[in-house]
Protein chains: 2
Amino acid sequence: MLPRVNSAAIRRLNMVRVFHALRENPNCAQRDLSRLTGLDKATTSAIVARMIEEGLVERSEAPRARRIGRPETALGIAPSAGLLVGARLEPGTIRIVATTLAGTVVEQSQIPGSTDLATALRRLHEGIDAVVAASRPEDGAAPPPLRGIGIGIPALMDREGRLVLAPNLGWRDTPIRPLLEEALGAPVHVDNDTKAAAMAERLFGACRGVEDFVYLTGHSGVGGGLFLGGRLYRGAQGFAGEIGHLTVVPGGRPCGCGKRGCLETYVSETSILAQAGERGRVLPDLWAAAAAAREGDPVLRTLLEEAGSHLGFALSHLVNLANPGLVVLGGNLSIVAAFILPALNAALDEHALEPLRRDLRLVVSPLGPDAVPMGGIALAMDGFLSVPSPIL
Amino acid sequence: MLPRVNSAAIRRLNMVRVFHALRENPNCAQRDLSRLTGLDKATTSAIVARMIEEGLVERSEAPRARRIGRPETALGIAPSAGLLVGARLEPGTIRIVATTLAGTVVEQSQIPGSTDLATALRRLHEGIDAVVAASRPEDGAAPPPLRGIGIGIPALMDREGRLVLAPNLGWRDTPIRPLLEEALGAPVHVDNDTKAAAMAERLFGACRGVEDFVYLTGHSGVGGGLFLGGRLYRGAQGFAGEIGHLTVVPGGRPCGCGKRGCLETYVSETSILAQAGERGRVLPDLWAAAAAAREGDPVLRTLLEEAGSHLGFALSHLVNLANPGLVVLGGNLSIVAAFILPALNAALDEHALEPLRRDLRLVVSPLGPDAVPMGGIALAMDGFLSVPSPIL
DNA sequence: GCGAATTAGATAGACGGTCTAACAAATCGA
DNA sequence: TCGATTTGTTAGACCGTCTATCTAATTCGC
């Protein structure tokens with residue numbers, strides 16, 4: 001059943017618009033918010049007054065003089081209004097960030113992970129407590145309340161937020177959200193790490209204001225986050241974006257999914273290192289692979305070129321189907337971006353339709369390794385603002 | 001700039017909900033509308049009263065007795081409230097339907113098409129006039145007003161509704177909507193034929209109530225209509241869904257797009273007939289191809305099996321990326337569906353991820369050749385209801 | 001037959017949004 | 001000091017939905 005649309009819904013919707021306008025334009029005046037949101041200045045006045053009353057927004061002390069007329073007062077999301085926590089849960093490490101409600105990072109940490117569910121959750125819990133404790137304001141004022149927690153996990157999550165399968169962690173069918181919510185005592189949002197990272201790029205990274213883009217990342221597998229028509233797209237079951245299992249070489253390298261020739265047997269960090277090993281180059285990680293390529297090692301050069309070619313071929317399918325305006329290379333892919341991009345672009349030229357290819361922009365993620373935990377922040381922010389989903 | 005969200009917007013939104021609930025459940029009572037839309041019965045009462053006042057809805061004369069209590073009065077979209085016209089514009093033929101606002105067909109016709117722009121538009125104009133004239137009620141009452149016209153064209157249309165390129169018609173960069181609107185004197189909506197057909201399946205066909213599905217069709221090319229997250233998805237430039245140009249055989253048959261091995265060089269009506277000819281079977285159309293296959297012709301059997309295999313391979317990419325819950329085979333593909341489905345399913349089994357494949361339903365379009373003109377109706381209906389786009 | 005029960009639908013009033021229009025506030029420039 | 005200019009507030013109109021109550025029309029039990 002669709003949520004009811006009544007005056008409460010429209011108030012929330014307009015409040016969220018004002019919030020994001022203010023988040024993206026810190027220290028702007030009420031007048032600017034009117035222009036940005038399209039709301040009448042009287043409406044803006046009412047909404048801002050309410051947000052100030054709720055402690056969500058604060059006025060700067062000093063009015064800013066303009067050329068002529070009454071000076072404007074700058075507004076901003078109050079740092080004391082609350083704290084959001086984002087986390088990235090991986091087998092080896094857990095990365096945690098704390099931000100203001102506006103998404104400004106105030107604290108971060110990295111702790112060891114675990115493939116044991118109880119251990120991982122305990123460490124996550126302790127890590128979050130520590131980060132929140134460290135986020136206390138210096139002047140000894142009351143700590144901002146924890147408003148929400150968002151966590152990105154390398155796992156298939158269904159549309160209800162249930163963990164279906166996490167091969168790297170060895171977990172399956174785990175009601176991870178309730179487990180965490182009970183332990184942490186704040187609203188918890190859990191999502192696939194790539195989808196979370198895509199949200200981060202949209203709110204804080206390279207895709208601000210972009211309505212249709214694709215986020216690509218590659219660790220143990222290759223994941224795609226589809227942001228389509230102004231929303232993160234999840235698919236009928238919540239599994240959309242599985243670009244890593246497109247068949248790029250029929251009958252090719254065997255994949256963990258049981259098929260052969262999947263993209264991620266050629267392009268993920270794991271598979272690139274494996275292939276390097278097969279060709280006599282034992283390397284610890286992609287940084288080493290990038291270093292070797294930078295020094296001119298022909299094996300790595302060729303390997304990364306092949307990877308770029310396969311990725312470009314798979315990406316061309318996505319481009320022809322979804323016609324995104326922007327593709328972001330993120331995660332570990334950004335480490336080797338310089339060496340895969342030429343072949344990737346060539347493959348796109350060869351396989352993507354010209355009018356779709358022509359207007360396609362391709363960028364390397366500015367968030368880098370922070371994309372997933374910041375995606376947790378994005379999830380938590382969305383949850384805090386909690387717009388009933390079918391609206392906007 | 002996003003449209004303003006105010007009380008007028010929420011009224012329209014709720015009115016549209018009531019309209020669609022009533023369209024999908026003809027002769028239901030006001031009480032049922034409340035349940036279907038989630039609106040309070042008082043709200044429903046107000047909305048229905050207003051729609052009756054506007055002539056959009058009418059009450060049936062006879063109240064329907066229930067087991068106990070006051071009998072309910074059946075409601076329906078008034079046939080006299082207006083007429084919608086949908087058309088399919090092809091080089092050879094123009095197909096036109098007229099329906100009530102509820103989408104009930106009241107008249108249809110088929111006239112010759114033309115690749116000359118002026119001729120085609122003139123014939124379309126005359127054909128629509130004729131169909132509208134023939135739709136007069138038998139009792140000699142005033143004819144319902146023409147509320148909108150929707151047209152599906154085999155063309156790349158940009159997001160502003162401008163015709164960018166129509167290879168089969170030989171048109172490019174044509175402001176077709178203004179041309180038609182001036183001539184026809186009613187709101188005109190023009191869109192890609194496949195996207196229109198997908199809308200028809202959603203409103204009137206196999207996809208009623210389905211939020212994420214893919215519509216596939218194949219005439220001169222192979223097109224895909226993506227309906228994602230409850231909306232027709234257009235992509236950054238409006239070109240989304242070009243499944244026909246996925247590379248399925250690297251270095252394969254040359255395609256009109258300049259590349260090689262595109263899906264549509266194996267699966268479209270044109271290419272199937274061409275391949276049949278190369279193998280010594282000269283056939284006029286897909287009906288003949290289906291007939292030959294039905295009679296056991298091994299050449300056609302093999303050919304269609306290969307087509308199914310290629311289509312399934314390309315579709316597996318779409319499934320892995322978009323995770324649709326339903327795939328509809330429409331247009332000319334439905335003619336040969338019986339002979340391509342086994343290989344198509346096998347290719348999906350081989351190349352689509354198991355959890356995504358498992359819950360995927362595949363159906364043949366119930367609308368068949370009417371999908372495109374009914375898609376025009378869907379466009380016109382959407383336009384008539386004109387919900388500001390970012391809402392719902 | 002007749003009143004109680006039951007269900008559909010209408011109505012009154014509360015409530016809560018945004019918008020228009022007028023007003024108050026704060027500055028610049030002459 | 002006064003008018004012009006621009007920002008921000010306020011009063012009131014307007015228009016939605018929602019709650020609560022009322023009316024209408026029927027069946028059921030007796």
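Within every chain, numbering begins at 1; the chains are lettered A, B, ... in the order of the sequence lines, protein sequences first and strands thereafter.
- Atoms OH and CG, from B:Tyr233 and B:Leu226 in turn, are 8.5 Å apart once rounded to the nearest 0.5 Å.
- At whole-Å resolution of the value, NZ in A:Lys41 and P in D:dT9 are 10 Å apart.
- In this structure, A:Asp32 and A:Ile68 both approach DNA chain D, and ranking their closest nucleotides by distance from the 5' end singles out A:Ile68.
- For the side-chain contact (heavy atoms from CB on, under 4.5 Å) with B:Phe384, the qualifying choice from B:Leu56, B:Leu379, B:Val16 is B:Leu56, the only one to do so.
- Rounded to an integer number of Å, the gap from CD1 of B:Ile10 to C1' of C:dG16 is 10 Å.
- When the nearest nucleotides of DNA chain D are assigned to B:Pro71 and A:Pro71 by heavy-atom distance, the more 5′-ward of the two goes with A:Pro71.
- Going from atom CG of A:Asp40 over to atom P of D:dT7 covers 14 Å, rounded to whole Å.
- A distance-only check finds a donor-acceptor pair linking the side chain of A:Thr37 to the backbone of A:Leu33 [under 3.5 Å].
- The distance from atom CZ of A:Arg11 to atom P of C:dC15 is 16 Å, rounded to the nearest whole Å.
- Distance, B:Leu13 CG to D:dT17 P: 10 Å, rounded to whole Å.
- Among the protein residues, A:Ile47 comes within range of the sugar-phosphate backbone only, with heavy atoms under 4.0 Å from sugar or phosphate atoms but none that close to a base.
- Of the residues in residues 23-31 of chain A, those placing a heavy atom less than 4.0 Å from an atom of DNA chain D are A:Ala29, A:Gln30, A:Arg31, in numerical order.
- Contact annotation: the side chain of A:Glu58 never approaches that of A:Leu75 to less than 4.5 Å [non-hydrogen atoms, C-beta and beyond].
- Residues B:Ser7 and B:Arg59 each lie close to DNA chain C; by heavy-atom proximity, the contact nearer the 5' end of the strand is made by B:Arg59.
- Put simply, the side chain of A:Arg17 reaches to within 4.5 Å of the side chain of B:Val5, judged on heavy atoms.
- In this structure, B:Thr43 OG1 and A:Arg4 CZ are separated by 7.5 Å, a value rounded to the nearest 0.5 Å.
- Rounded to whole angstrom, the span from the CG atom of A:Asn6 across to the P atom of D:dC15 amounts to 19 Å.
- Look at CZ on B:Arg70: it is 10 Å from P on C:dA8, rounded to the nearest Å.
- Side-chain N/O atoms of B:Ser45 include none lying less than 4.0 angstrom from OP1 or OP2 on C:dG9.
- Inter-residue side-chain proximity for B:Leu83 and B:Thr100 is flagged as unmet; no heavy-atom pair is nearer than 4.5 Å.
- Distance B:Arg12 CZ to D:dT17 P: 13 Å, rounded to the nearest Å.
- Of the side-chain N and O atoms in B:Thr43, one or more sit less than 4.0 angstrom from OP1 or OP2 of D:dC18.
- Backbone-only contact: A:Thr73 has heavy atoms under 4.0 Å from sugar-phosphate atoms and none from a base.
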